[in-house]
Amino acid sequence: MDEKFLKPYNPAATEDARYAAWEASGYFTPEQLVADGIVAPNAPVFSMVLPPPNVTGTLHTGHAAMLAVEDILARFHRMRGCRTLWIPGTDSAALATQTKVESLIYKKEKRTRYDFTREDFLARVNQFAKESERTILNQVKKMGSSLDWSRYAFTLDERRYRAVTEAFVRMYEAGLIYRGHRIVNWDPKMQTTVSDDEVAYVEETTPFYYLRYGPFTIGTARPETKFGDKYVVMHPDDARYAQYQHGQKITVEWINGTVEATIIKDAAIDPEFGTGVMTITPWHDAVDFAIAERHGLDKEQIIDEQGKLLPVAGEFAGMHIQKARPRIVEKLKEKGLVVRVDERYTHRIATNSRGGGIIEPQIKEQWFVAVNKEFPMPPSRFSTLKEGAPVTLKTIMREAVASGDIRIMPSRFEKIYFRWIDQLHDWCISRQIWYGHRIPVWYRGEERYCGVTPPEGEGWEQDPDTLDTWFSSGLWTLSTLGWPEETEDLATYHPTSVLETGYDILFFWVARMILMTGFLHGEPPFRAVYLHGMVRDEKGRKMSKSLGNIIDPLDLIQKYGADALRLALIIGAAAGNDIKLSEERVRGYKHFANKLWNIARFVLSRTEGVSLERDFAAWQEEDRALIAARDALLEEVTEDLTHFRLHLAADKLYHYVWDVFAAQIIEESKPILEGADRAAAASRAQLLLHTLDALLRALHPFVPFVTEEIWQSWPHRDRPLLMVARWPIGTDRREK
RNA sequence: GCACUCUUAGCUCAGUUGGCUAGAGCGCUCCCUUCACACGGGAGAGGUCGCAGGUUCGAGUCCUGCAGAGUGCACCA
């Protein structure tokens, strides 16, 4: 027996070496599994892409949970003999990364991006990204992730750039990407648009003003936007205002003098709200914009891109809206235009969830993906979307899931997904930042060119904007497998078997992958979606810097081992449910790794010279019964894993090891092994070996490090690495 | 406003398609350094499974209502 078993299991001294050995074996790559006869050349395929972490980020507990689940799935399928591929990558996270670099440069050098040329600035961002890349990748490895590093992809590398450009051009040519003047979410702080899904609403209590507008009283929480209001809108059936005709003009005294106002009747007005009358600011409000579009009304910009008032505001021009508001209210009061104020009005203000500022809607010329535009379905392998049938991108997204071509787990998220699709608007994909995939469109006067390569001739200017980072992420299963080329990888591994990710990016990512892959490749990007919950602190709060409750997974790995962390993140964490993580839980599972270690020590010390021959005929009746019970449990575990019930599988193995194998079987074995009945002793010794052998295999996906470390000192191993040993169920059956 | 989730031991949570005396981790009490393991073992305290109905031979598990907590979505100025 190896002397290392005389000491307690020490994960910190073990894990890096075990990972290095796995990596060196080449078995993270499916071709190597085939080449060495580990799996058959025509074996079933199991493939996944890693949701790429931010290249400039560091590993957090959410990543740890994701890696634990995915690695368990990968190792399970690899051991079952599948050609298993799990593709790693990182995301440029354009907006987040650029913001980070901008702030670093400003701190150090007091320079902003406008002090650089675009090329020089991008060189700085790229340099920073390259430097940080190693950090996150090493941290991913610390979790034991069996990723195929030979296929590593970065969302901004050359192959991915090609895929993104190609996708844009194809969608442009199909009329599904267009450029238009529309109201968008503008972040004055980050100086860019953001998509609807990136907007987060924060509750705020502010005063609500009732203002005199000619014969009407209108309500607003934002008097600073009201300067240009010259349309007063009411419901067509509102009897109180029946005397006013649609289109009728009236003169009213307003903030900066008299204005000619036009009466508009529109059913969007809720007569029950406030006074049932409102004025509109089409340039800075989506509802107002829609009303203005319906009636062909003028739209005037009041606030500029920095959040400052324009000349229409008269004496307030040039002032930031935050500062101007109290003064405007003051002036309104002086003029006697304030009828009443509700001091405590609760409403939601739009903020940029990506760490930006308060969203100020603006009308801008931007690029959009048309989600409601009908087109003939391209060649398709979807079960309910036939080539040539009239569809929209929404249809593809809905049908892919409704038909069962894609299964979302837990299923309640399917409902949430459908709801989201129903109210989806066209997706604004252009961003006014520099870091990212540049839009492949060039202009020359009135001419416009869209193509994968720049246009011929002089005088062309490329669109300065870049694409929403989710546009490139949406291609991830395709772009990592070589699309737009018809590669062997694409033919073999696409659609991927399962996409595992957090439920918080169901809309951002999962839905957009379905949209883009469905249109561009005519099939789903994956067969199943497994959504894990958010990792929270022991009190159930979100982890955040401001709360100071962030748990660093690397600390936990250092103290308790990656195996312990994996179990803590898996056991008790059903799909879609949030996970509360506490250090005590992780410590508890470290004890499990040590328990296993000591079990191995006991079994090895008592079975020296015993072979693992499975001579079941010579076994004692009760030992055969124990094996049968064990195999029944392993059947259940296998079934659970097949159905993504990882938490149950892990829990069952944990209890079998501790409560059955250690507490009962091993304890009973002590007198048997020492007893006078040598046949019984021999039978029992084989049972111990046989069971530990099976348990090491079955536990390996969950606790790969400690099981592999034991395996390396296991005299009975049939493969040099446990990682590529056979799954226990199926093996015995053949031999019986 | 609409939708969804949660409410099980002191704390944090499992309990897959309804089925034997309801479980885990941590914590608590008492005992044990017995030859795999004190990162251990033994014994134990602790639960009307939110509340009220219903379906069923049988419900923590399904249905209805109520209460509390939370999340997502929404163009109520």
Side-chain angles (χ1 to χ4, degrees), chain A residues 1 5-11 183 196-197 200-201 208-211 218-222 225-226 229 233 268-281 285-291 345 347-348 361 410 412-413 415-416 418-420 422-423 425 503-504 506-507 533-534 536-542 560-561 564 567-568 571-606 636 639-640 643-645 647-652 654-655 658-659 662-663 666-667 669-670 674 688:
Chain A
M1 188 184 65
F5 288 110
L6 298 178
K7 290 184 188 159
Y9 175 60
N10 181 356
I183 192 150
D196 293 346
D197 295 287
Y201 293 89
F208 189 80
Y209 303 93
Y210 288 92
L211 305 177
I218 58 157
T220 184
R222 302 199 55 195
T225 64
K226 294 281 161 198
D229 287 11
V233 193
I269 302 300
D270 176 4
E272 304 295 315
F273 186 86
T275 57
V277 182
M278 71 173 197
T279 60
I280 56 167
T281 313
D285 186 284
V287 188
D288 297 0
F289 178 83
I291 293 171
Y345 172 72
H347 74 146
R348 292 166 251 324
R412 64 187 150 91
F413 283 100
K415 216 180 266 181
I416 295 172
F418 291 132
R419 269 173 69 96
W420 176 82
D422 288 340
Q423 51 211 25
H425 301 296
Y503 64 69
D504 57 330
L506 176 62
F507 307 143
M534 303 294 104
R536 295 165 180 279
D537 75 359
E538 68 259 78
K539 296 194 180 98
R541 300 172 306 183
K542 265 191 177 164
Y560 307 110
L567 283 182
I571 295 182
N577 287 1
D578 289 351
I579 305 151
K580 292 196 182 74
L581 183 67
S582 66
E583 192 160 335
E584 289 68 48
R585 264 170 65 76
V586 184
R587 198 193 313 135
Y589 291 118
K590 176 181 190 276
H591 297 174
F592 176 73
N594 195 56
K595 187 73 179 179
L596 197 58
W597 188 251
N598 282 299
I599 287 170
R601 173 182 174 178
F602 175 85
V603 172
L604 283 168
S605 69
R606 303 304 175 89
E636 271 185 55
E639 194 69 9
D640 285 337
H643 293 95
F644 299 96
R645 298 187 294 253
H647 61 302
L648 295 182
D651 195 52
K652 283 172 187 169
Y654 177 98
H655 290 107
W658 206 303
D659 301 336
I666 286 184
E667 289 306 323
S669 299
K670 289 172 183 174
E674 303 299 321
L688 292 176

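Throughout, a chain's letter reflects where its sequence line sits, starting with A, and its residues are numbered from 1. The figures here come from the full heavy-atom set of this structure, side chains too, leaving out hydrogens, waters and symmetry mates.
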Seminar exercise, completed: Expected string for nucleotides 71-77 of chain B under the B/S/- scheme (protein heavy atoms, under 4.0 Å, primed atoms plus P, OP1, OP2 as sugar-phosphate) is -BBBBBB
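- Between B:C49 and B:G42, the two C1' atoms lie 29 Å apart (nearest whole Å).
- When the C1' atom is compared between B:U71 and B:C63, the two are found 24 Å apart, to the nearest whole Å.
- Remark: A:Thr281 engages A:Asp229 in a side-chain hydrogen bond (donor to acceptor under 3.5 Å, both in side chains) (not counting sequence neighbours).
- Qualifying side-chain contact (heavy atoms from CB on, under 4.5 Å) partners for A:Lys595, counting only residues two or more places apart in sequence or in other chains: A:Ile599, A:Trp658, A:Ala662.
- For A:Asp504, the side-chain contact (heavy atoms from CB on, under 4.5 Å) partners are A:Met534, not counting sequence neighbours.
- The P atoms of B:G15 and B:G23 are separated by 16 Å, rounded to the nearest whole Å.
- Every side-chain contact (heavy atoms from CB on, under 4.5 Å) that A:Phe413 has, sequence neighbours left out, goes to A:Ile408, A:Pro410, A:Ile416, A:Tyr503, A:Leu506, A:Leu531.
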Under-3.5 Å N/O pairs linking protein and nucleotides 15-19 of chain B:
residue, atom, partner, partner atom, Å
B:G15, OP1, A:His647, NE2, 3.0
B:U16, O2', A:Arg645, NH1, 3.4
B:U16, O2, A:Asp640, OD1, 3.3
B:U16, O2, A:Arg645, NE, 2.7
B:U16, O2, A:Arg645, NH2, 3.4

Which pairs, protein N/O on one side and nucleotides 37-42 of chain B N/O on the other, fall under 3.5 Å?
residue, atom, partner, partner atom, Å
B:C37, O4', A:Asn598, OD1, 3.1
B:C37, O2', A:Asn598, ND2, 3.2
B:C37, O2, A:Lys595, NZ, 3.1
B:C37, N3, A:Lys595, NZ, 2.9
B:C39, O4', A:His591, NE2, 3.0
B:C39, O2', A:Asn594, ND2, 3.2
B:C39, N3, A:Lys590, NZ, 3.0
B:G40, OP1, A:His591, ND1, 3.3
B:G40, O3', A:Lys595, NZ, 3.1
B:G41, OP1, A:Lys595, NZ, 2.9
B:G41, OP1, A:Trp658, NE1, 2.6

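- Every residue meeting the side-chain contact (heavy atoms from CB on, under 4.5 Å) condition with A:Ala564, not counting sequence neighbours, appears here in chain and number order: A:Tyr560, A:Val586, A:Tyr589, A:Lys590.
- Evaluation of the salt bridge (charged side-chain N to carboxylate O under 4.0 Å, His left out) rule for A:Lys670 yields A:Glu667 as partners, not counting sequence neighbours.
- Every residue meeting the side-chain hydrogen bond (donor to acceptor under 3.5 Å, both in side chains) condition with A:Arg645, not counting sequence neighbours, appears here in chain and number order: A:Asp640.
- With a 3.5 Å limit on both pairing distances and Watson-Crick or G-U wobble geometry required, the stems of 3 or more pairs in RNA chain B span B:1-7 with B:67-73, B:10-13 with B:23-26, B:28-32 with B:40-44, B:50-54 with B:62-66.
- Under the salt bridge (charged side-chain N to carboxylate O under 4.0 Å, His left out) criterion, A:Glu639 pairs with no residue at all, not counting sequence neighbours.
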